[in-house]
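No experiment lies behind these values; they were computed from the predicted model shown. When a ligand or atom number is given, it counts from 1 through the structure's own listing order.
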Amino acid sequence: MSSVVDEIIKMFECRGNAAYYGEPVSQTEHALQAAFQAEKDGAPDSLVLAALLHDIGHLLHGLAENVAEQGIDARHEEVSAAWLSEYFGPDITEPVKLHVAAKRYLCAVDLDYLNELSPASFQSLELQGGPFSDKEAEAFVRLPSFRAAILLRRWDDRAKVPGLKVPPLEYYRARLEAAAKQQQTSAL
Ligand code: FE
């Protein structure tokens, strides 16, 4: 358990200083701010951790930071969820897997949301398939993790503030260890 938590913290330390895809914060700042927003909203630990880990796929594959500019959709939400599912339960991995779908959904149903996307997020939207069609949106709201994914998406969007003071990675260690332990126990 502690080994995966150490690995996660090391990944942020080694690769998290890279810019977050055209945003004014680093990968680590983005993750910490997303978790902070979740906690501020009174989210359960599983969603605070989902917010912290939602973009971990970016740190895993080490693709250049401007992949969207190059016209590549790295499907980081699936990479993140697949890696996380080795260690954490679906209460964490499902919202992570759906956080890009949540963006496509929100763009379809909320014009203000679409208009307020950051330039980088708007650019990647097209690569991710664009706003959902009515049919896709209908299917999305039927998924069990639909609400959690929308919440995660909102924290994600609010986690791009340069210089915001937030708790460090170590602040989440105990909760990460507890979640990994819980998953290991339930897998027995
Ligand atoms: Fe993100």
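- Evaluation of the side-chain contact (heavy atoms from CB on, under 4.5 Å) rule for Ala102 yields Phe140, Ala149, Ile150, Arg153 as partners, not counting sequence neighbours.
- Between Glu77 and Lys103 there is no salt bridge, since none of the side-chain N atoms of the basic residue sits less than 4.0 Å from a carboxylate O of the acidic one.
- Counting only residues at least two apart or in different chains, salt bridge (charged side-chain N to carboxylate O under 4.0 Å, His left out) contacts with residues 105-129 comprise Asp110-Arg154.
- Other residues, nucleotides and ligands place more than 12 heavy atoms under 6.0 Å from the CG atom of Asn115.
- If you count the protein N, O or S atoms nearer to the Fe ion (ligand 1) than 2.8 Å, you get 5.
- No side-chain N or O of Gln33 forms a donor-acceptor pair with one of Tyr20 less than 3.5 Å apart.
- Residues forming a salt bridge (charged side-chain N to carboxylate O under 4.0 Å, His left out) with Glu13 (at least two apart in sequence, or on another chain): none.
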